[in-house]
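Some notes on the structure that comes next.
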Amino acid sequence: MVRRLLVILLQALTGLLVILALWIVFHLAGNRSPPGPVVCANGTSGCTLTNIYGSFSDRAICRAANVTYPRTEQELVAAVAATVAARRKVKVATRYSNSFPRLACPGGEDGTVISTRWLNRTVRVDAARRLMTVESGVLLGDLIHAAAAAGLALPHSPYWSGVTIGGVLATGAHGSSLWGKGSAVHEYVVGMRIVTPAPASEGFAVVRELGADDPDLDAAKVSLGVLGAISQVTLALQPLFKRAVTFVNRNDSDIAEMVAVWGGLHEFGDVAWLPRRRKVVYREDDRVDVATPGDGRSDYPAFRPTPTLPLVASRLAEEWLEERGGTDAARCMASRVMPATLEHLRFGLTNDGEVFTAYPVVGYQHRIQASGSCTDTMEEDGLISTCLWNGRVRGHHFYNSGFSIALSRAPAFVADVARLRDLNPAAFCQIDSKMGLLMRYVRASSAYLGKAEDSVDFDVTFYRSYARGAPRAHADVFDEVEQMALYKHGGVPHWGKNRNYAFDGAIAKYPNAGEFIKVKDRFDADGVFSSEWSDQVLGIGGTSTAVVGDGCAMEGLCVCSDDSHCAPEKGYFCRPGKVFTEARVCSSRDAAAAAGGGGDRTSSG
Ligand SMILES: *[C@@H]1O[C@H](CO)[C@@H](O)[C@H](O)[C@H]1NC(C)=O
Ligand SMILES: *[C@@H]1O[C@H](CO)[C@@H](O)[C@H](O)[C@H]1NC(C)=O
Ligand SMILES: *[C@@H]1O[C@H](CO)[C@@H](O)[C@H](O)[C@H]1NC(C)=O
Ligand SMILES: *[C@@H]1O[C@H](CO)[C@@H](O)[C@H](O)[C@H]1NC(C)=O
């Protein structure tokens, strides 16, 4: 134990040296990269695009010939027209680029990126009709505060406020609710202005205005960015309301039944399950009368500015545990830190914006629904404090899998995960360490690429190496959980999360995908806004999102079907899953031994 501690200290010291070196590079060379996901070699040309994590799911480098930063709709139309005229591909990128897959990367190597960074104004608020129109680059946090200033509330949203409305809609992002229209932001869209390619006779680009009754809105409100560049969005809001939140801890003996009912009990209910601890944190969260006293606030600790030095040091410690000397005992001990810290901080809830005194925390919707105070640091170089996952400092690096399973099938999935946990509980310490499996509720949607049925969205964040193909402890168990969700229980991947293989064939589970493609062909016949990746996701052109080759399954690029897809030289072989035996996962000999040789079993599951 002492030796281990020494190693961690040593790694922390190395972290200090890395920071010092970074500081010297930044300040002496005077070569700070500008904040934002697009970095160009020469002003606005010779660019590379990345996401906030500094790396897409497949680690591909995305190159673009140039970037434009339109500030008005007119400039947006001109930017689209210029790329159409030049017969180049184009994609819209957002302020921080929060998606894991390469959705924002233009096709080819000489495409154009249009950033919505400066398309971030509120266009109009009609308080009487409860309508709000914003430009597509408005950040969720700014949107909900502008709405509140007019006495209005967006009833549901993701919890992280550093996303733009355009990005939220492109990826179908949501909060948690089965009540009313449910938690997906696109359910509240009643109008859009979108810039699409046009013939030369019309100036190469036009603005299409889609009203509430326009069937094309069902395509545009979840579009993966392939229909055109969203200029403006009109949202139907509600009178500003308050909600009352309590987090309740329980054991997980009835989690499989509870997942089916919790969303019906509470308007904003969600569930965080820590399988190793056999613990569940239920969010008991409901709308209350605005007269209810309380000015509570949520400032989720993991979305606050984190001091950079400890962040880099803790990442180094985690790397050591996950990739080198770690044992299950050490990993499981470490896995208690974050959930314990979050619970100690009451998940960032305060009763008056300053301190927590007691549950329930009652507050206005805009102060509870989303947070992201760390974005304030994103304009800086991140040397003092930063967002936990800012790819520009060597902080936390993880995968984020998100898949939705029909509400009726969710209990069976949860029961399967519990069976897998029972075979080797320690394998779930990594999942516990990042606050477990988060379950959020989403309703069926008329959006062609929205959910076909009322669903539970399972979200899990887990360790990712900075090194390509590096083995991770118990990676086989994560992969089996994912494959169970996708292939046994009919799950569909979240468009903005996940690794490549998860999208393979996913589009076939959307009954209205054909309608979507028809609209795409009408709006953008030449596929100017499409890329190889978006075509693969949409099942166009017959190639798969999976990338098959040596070691592909170690990175989630493929499902293994041969040992060479794992890392046989490092002791990882392609094996059936332990509960879902049709799964194919990379297992180490150690993992197989720990579960009593279960890795070699091929009995039915
Ligand atoms: C940078 O761009 C300018 C003008 O667009 C051009 O004249 C110059 O040659 C470029 N430099 C490099 C290194 O590409
Ligand atoms: C980007 O490159 C294309 C093709 O060369 C050109 O038509 C367009 O004007 C360029 N845009 C900017 C803003 O430089
Ligand atoms: C738009 O974004 C910029 C930073 O990119 C910020 O300085 C400005 O205040 C924002 N404008 C609005 C209206 O939010
Ligand atoms: C779980 O909690 C319930 C009460 O909420 C209790 O009846 C049950 O015994 C507990 N199960 C375990 C395994 O602790």
Side-chain angles (χ1 to χ4, degrees), residues 32-40 44 49 51-52 67-73 75-76 79 92-98 104 113-125 132-150 152 154 157 161-168 229-233 235 246-259 261-262 265 271-284 366 370-382 386-387 390 392 414-415 417-419 421-422 425 428 432 436:
R32 302 185 196 200
S33 56
V38 187
V39 177
C40 303
T44 56
L49 170 81
N51 54 17
I52 196 168
V67 58
T68 55
Y69 293 90
R71 286 171 185 255
T72 61
E73 186 177 83
E75 289 180 11
L76 179 63
V92 176
T94 60
R95 171 86 169 268
Y96 300 122
S97 186
N98 289 284
V113 172
I114 295 176
S115 167
T116 56
R117 180 182 181 82
W118 297 103
L119 283 174
N120 62 341
R121 279 168 302 235
T122 300
V123 179
R124 82 184 78 83
V125 183
M132 181 173 184
T133 301
V134 295
E135 291 179 325
S136 76
V138 164
L139 290 175
L140 176 63
D142 293 336
L143 188 160
I144 61 184
H145 281 91
L152 298 172
L154 176 66
S157 73
S161 64
V163 284
T164 64
I165 185 71
V168 161
I230 299 172
S231 169
Q232 296 179 4
V233 177
L235 297 157
T246 302
F247 283 106
V248 182
N249 288 328
R250 293 198 201 160
N251 67 41
D252 71 356
S253 31
D254 59 352
I255 178 71
E257 298 101 78
M258 286 305 283
V259 65
V261 299
W262 192 253
L265 297 179
V271 182
W273 178 28
L274 279 62
R276 172 63 187 95
R277 302 296 305 278
R278 299 175 187 269
K279 177 175 165 176
V280 189
V281 182
Y282 291 94
R283 174 191 280 262
E284 229 175 66
H366 66 291
S371 70
S373 49
C374 75
T375 53
D376 295 343
T377 67
M378 291 296 286
E379 304 296 310
E380 296 150 18
D381 48 25
T386 185
C387 292
N390 181 0
R392 294 164 74 221
V414 168
V417 176
R419 288 165 66 201
R421 183 270 319 274
D422 292 342
F428 283 82
D432 278 20

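Every number for a ligand or one of its atoms is a count from 1 in the order of the listing.
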Checklist line | Thr68 and its side-chain contact (heavy atoms from CB on, under 4.5 Å) partner, picked from Val113, Ile114, Leu76 | finding: Ile114
Next item on the list: Check whether any protein heavy atom sits under 4.0 Å from atom 9 (O) of ligand 3.
Entry: no
Check: Counting from 1, what ligand 3 atoms have a heavy atom of Arg117 closer than 4.0 Å?
Finding: 2 (O), 5 (O)
Notebook entry, point to check: Looking at residues at least two apart in the chain, or sitting in another chain, which of them share a salt bridge (Lys or Arg N to Asp or Glu O under 4.0 Å) with Asp254?
Noted result: none
Next item on the list: Kindly determine whether Asp422 and Arg278 satisfy salt bridge (charged side-chain N to carboxylate O under 4.0 Å, His left out), including the steps that lead there.
Entry: CA-CA 10 Å; Asp422 292 342; Arg278 299 175 187 269; 3.5 Å; yes
Next item on the list: Specify the protein heavy atom at minimum distance from atom 1 (C) of ligand 3: its residue, its atom name, and the distance to 0.1 Å.
Entry: Asn120 ND2, 1.4 Å
Next item on the list: Tell me yes or no: between the side chains of Glu73 and Ser231, is some donor less than 3.5 Å from an acceptor?
Entry: yes
Next item on the list: Under 4.0 Å from a heavy atom of Ser253: give me the atoms of ligand 4 that qualify, with their elements.
Entry: 1 (C), 11 (N)
Check: Distance from Asp142 atom CG to Thr164 atom OG1, nearest 0.5 Å?
Finding: 11.0 Å
Next item on the list: Could you tell me the residue and atom name of the protein heavy atom closest to atom 7 (O) of ligand 3, and the distance to it rounded to 0.1 Å?
Entry: Trp118 CZ3, 4.3 Å
Next item on the list: Considering heavy atoms of the protein only, find what lies nearest to atom 3 (C) of ligand 4 and give residue, atom and distance to 0.1 Å.
Entry: Asn251 ND2, 3.6 Å
